[in-house]
Protein chains: 2
Amino acid sequence: MYDVFFQKFNEKISLTEQEENFIRQYLTPKKLRKRQYLLQEGDICKSIALLEKGSMRSYLVDPAGQEHITAFALEGWTIGDLSSFHSELPSTQNIDALEDCELVLISKSAHDELLRTMPKYETYFRLLITDAYLALQKRTLSMISLSLDDRYKAFMESYPNIAQRVPQHMIASYMGLSPETLSRIRSRINTSK
Amino acid sequence: MYDVFFQKFNEKISLTEQEENFIRQYLTPKKLRKRQYLLQEGDICKSIALLEKGSMRSYLVDPAGQEHITAFALEGWTIGDLSSFHSELPSTQNIDALEDCELVLISKSAHDELLRTMPKYETYFRLLITDAYLALQKRTLSMISLSLDDRYKAFMESYPNIAQRVPQHMIASYMGLSPETLSRIRSRINTSK
DNA sequence: GCCTGATCTTGACCAAAATCAATAGAATTT
DNA sequence: AAATTCTATTGATTTTGGTCAAGATCAGGC
C-alpha cells in the first residue's frame with residue numbers, strides 16, 4: 001500500500017524503513033469513482049492527494065459559466081488546490097476523477113505536523129513544490145511566447161501520456177482554446193509533415 | 001545593510017540576531033545601473049537576488065526575435081531564473097535593471113549550504129517558493145479564464161505599484177498583448193465608468 | 001443489438017487582436 | 001535649448017481564433 005507514494009518520495013529524498021513507517025501513520029487511502037469529486041468550488045481543500053492509480057483533473061468555472069481545466073494528474077502526480085490548502089479559505093477550483101482512482105491523502109494537520117517534526121518531509125515538500133513551480137513556469141512562458149502550433153507540440157512532447165488518456169477537448173480547455181481550434185491545429189501539423 | 005532582505009525573511013520566519021549574522025556571511029551585495037544585465041540568455045543563473053532598491057524585469061526572446069517579459073521585481077521581491085539555478089543549465093531568460101538597483105545575492109553554493117545547515121533557511125525558502133507558485137498560478141488562471149479587460153483590471157489590483165513604475169508597453173508584453181491592444185483596453189475601461 | 005450521448009472534424013461567418021502607419025507628447029541626451 | 005529617443009494613442013487593414021452548425025464515428029448503457 002502507498003507504493004507509488006513512497007516510490008515518488010524516495011526519488012526526491014531516500015527514506016529508511018522506519019521513516020517510511022513513521023510517515024505511513026499520517027496517510028489515508030481513498031478511492032474515487034469516475035466523475036466523483038475530490039473537491040468542489042467553495043470547499044476548503046483539507047488534503048493534498050497523490051494518485052496511486054487513475055487520472056484526475058482540476059478546473060474552474062469562469063463568470064460566463066464556462067469550464068477551464070487548470071491541471072491534469074496521472075499516477076504518481078500530486079493534486080489539490082494549494083492556494084486553499086495553504087490559506088484554509090474556500091477554493092475556486094473543482095477537482096474530479098476522469099477514471100476510477102486510488103489516492104493517498106495527506107491532511108493539512110498531518111502535513112503541518114510532518115513539517116514540524118520531520119526535516120526530510122519538509123525537504124520532500126520543498127522539492128515537490130519547486131517542481132510544480134518549474135512546470136507551471138514552463139506552461140506560462142509557452143503561453144506568452146509560442147505560436148499555437150508550437151504550444152501544442154510542446155504540450156505533446158512534455159505530456160504524451162496525458163494526450164493518450166484524456167479527450168482532446170479537455171486538452172483544448174487546458175490550453176485555453178476552443179475544441180475546434182485545437183482540431184484545426186492538429187490537422188495543420190499533420191498535413192505539414 | 002540587507003535591511004529589506006531580513007525584513008522579508010522575518011515576515012516568514014523570525015530570526016535571532018545570531019541567526020541573522022550567520023546568514024549574513026552568505027550574502028553578497030551588488031549594485032546595477034539602469035539597463036545593466038544581471039543574467040543573459042545562455043548564462044547559468046548562479047545566484048538568486050533580492051531587490052533592496054530599484055526595479056527589474058526578466059524576459060525571453062522568442063524564435064521570431066520578439067521579447068516577452070516574464071516577470072517584474074520591485075523592492076523586497078526575489079528574482080532569478082529558478083530553472084537554471086536549480087538545474088545549473090544555461091538560462092533561456094534575460095534579467096536586467098529597469099532602474100538603478102541594489103541587490104542582495106545568494107549564490108548557489110551558499111544556498112545549498114544554508115539548506116543543509118539551517119532548517120530555518122529551508123523553511124524560509126519553502127515559503128518563498130510557495131508564494132511564487134501561488135502568484136504564478138493566479139497569473140496562469142487569469143490567462144485562461146478571464147477576458148482581457150478583466151485580466152488587466154486584475155493585474156492593476158494585484159500590482160498597482162508596478163503600473164506606476166513601468167512603461168505601459170512592458171505591461172502589455174508581460175500580459176502577452178501588443179501595446180496597441182493594451183492602450184485600447186485602457187480607453188475602453190476608462191470610458192465605461 | 002440498438003440507441004443515446006460523447007467526441008472529433010469541417011465549413012461558413014463573425015469578433016477580436018495583431019499589424020502597419022501616422023501622430024503627438026514626454027523624457028533624455030547632447 | 002535643440003535634438004533624439006521613448007512612449008502612448010488612434011485609425012485602417014489583415015489575420016487569427018471563436019462561434020454556430022452540420023455530419024460522422026465511436027463507446028457505453030439499456
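This is a predicted model, so every value here is computed, not measured. A, B, ... follow the sequence lines: proteins, then strands. Residue 1 opens every chain.
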Original post:
For the hydrophobic clusters of this structure (ILVMFWY residues joined by side-chain heavy atoms under 4.5 Å, transitively), does one cluster hold both B:I185 and B:M170?
Top reply: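 Same cluster: B:I185 reaches B:M170 through Ile, Leu, Val, Met, Phe, Trp or Tyr contacts under 4.5 Å.
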
Original post:
Cluster question for you: counting only ILVMFWY and a side-chain heavy-atom cut-off of under 4.5 Å, with indirect links fine, are A:M175 and A:M143 together?
Top reply: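 No: no chain of side-chain contacts under 4.5 Å links A:M175 to A:M143.
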
Original post:
ring pair (Phe, Tyr, Trp, His ring centres under 6.0 Å): which pairs involve residues 87-110 of chain B, sequence neighbours left out?
Top reply: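 Every pair satisfying ring pair (Phe, Tyr, Trp, His ring centres under 6.0 Å) with a residue in residues 87-110 of chain B: there are none.
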
Whole angstrom value for the distance that separates [atom2] of [N] from [atom1] of [X]:
| X | N | atom1 | atom2 | result |
| --- | --- | --- | --- | --- |
| A:L148 | D:dT15 | CG | P | 17 Å |
| A:Q66 | D:dC20 | CD | P | 10 Å |
| A:D150 | D:dT16 | CG | P | 14 Å |

Subject >> Plane angle bin for B:H111 and B:F125 - parallel if under 30°, tilted between 30 and 60°, otherwise perpendicular >> reply: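 Perpendicular: the ring planes of B:F125 and B:H111 meet at over 60°.
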
With [X], which residues qualify under salt bridge (charged side-chain N to carboxylate O under 4.0 Å, His left out), at least two apart?
| X | value |
| --- | --- |
| A:R57 | A:E67, A:D96 |
| B:E180 | none |
| A:R24 | A:E20 |
| A:D149 | A:R188 |

Subject >> Qualifying residues under side-chain contact (heavy atoms from CB on, under 4.5 Å), relative to A:M118, sequence neighbours excluded >> reply: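 Residues passing side-chain contact (heavy atoms from CB on, under 4.5 Å) with A:M118: A:L15, A:E19, A:F22, A:I23, A:L114, A:K120, A:Y121.
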
Subject >> All side-chain contact (heavy atoms from CB on, under 4.5 Å) counterparts of B:L134, not counting sequence neighbours >> reply: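 B:L134: side-chain contact (heavy atoms from CB on, under 4.5 Å) contacts with A:L82, A:S83, A:H86, B:T130.
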
Check: residues 30-40 of chain B side-chain donor-acceptor pairs under 3.5 Å, at least two apart:
| residue | atom | partner | partner atom | Å |
| --- | --- | --- | --- | --- |
| B:Q36 | OE1 | B:R33 | N | 2.8 |
| B:Y37 | OH | B:Y59 | OH | 2.8 |

Original post:
Bend angle of the helix from C:dG1-D:dC30 to C:dT30-D:dA1 from five-pair axes at both ends, rounded to 10°?
Top reply: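 Axis-to-axis angle, ends of the helix: 50°.
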
Original post:
Can a donor-acceptor pair be found between the side chains of B:E122 and A:T123 at a distance below 3.5 Å?
Top reply: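 On atom types as modelled, these side chains qualify, holding a pair under 3.5 Å.
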
**OP:** Starting at the 5' end of nucleotides 23-30 of chain D, put B wherever the base has a protein heavy atom under 4.0 Å, S where only the sugar-phosphate does, and a dash everywhere else.
**Re:** --------

Subject >> Phosphate contact (D:dT9 OP1 or OP2) by B:Q168 side-chain N/O below 4.0 Å >> reply: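 True: B:Q168 side-chain N/O within range (under 4.0 Å) of D:dT9 OP1/OP2.
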
Original post:
In residues 170-185 of chain B, which residues come under 4.0 Å of DNA chain C by heavy atom?
Top reply: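 Contacting residues: B:G176, B:L177, B:S178, B:E180, B:T181, B:R184.
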
**OP:** Please say whether the positively charged group of A:R139, taken as NZ for Lys or CZ for Arg, lies over the ring of A:Y174, i.e. under 6.0 angstrom from the six-membered ring centre and within 45 degrees of the axis.
**Re:**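 Yes, A:R139 sits over the ring of A:Y174.
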
Original post:
Mind checking which nucleotides bracket the chain A contacts on DNA chain C, 5' to 3', with an atom under 4.0 Å from a heavy atom?
Top reply: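 Terminal contacting nucleotides, 5' to 3': C:dT7 to C:dA12.
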
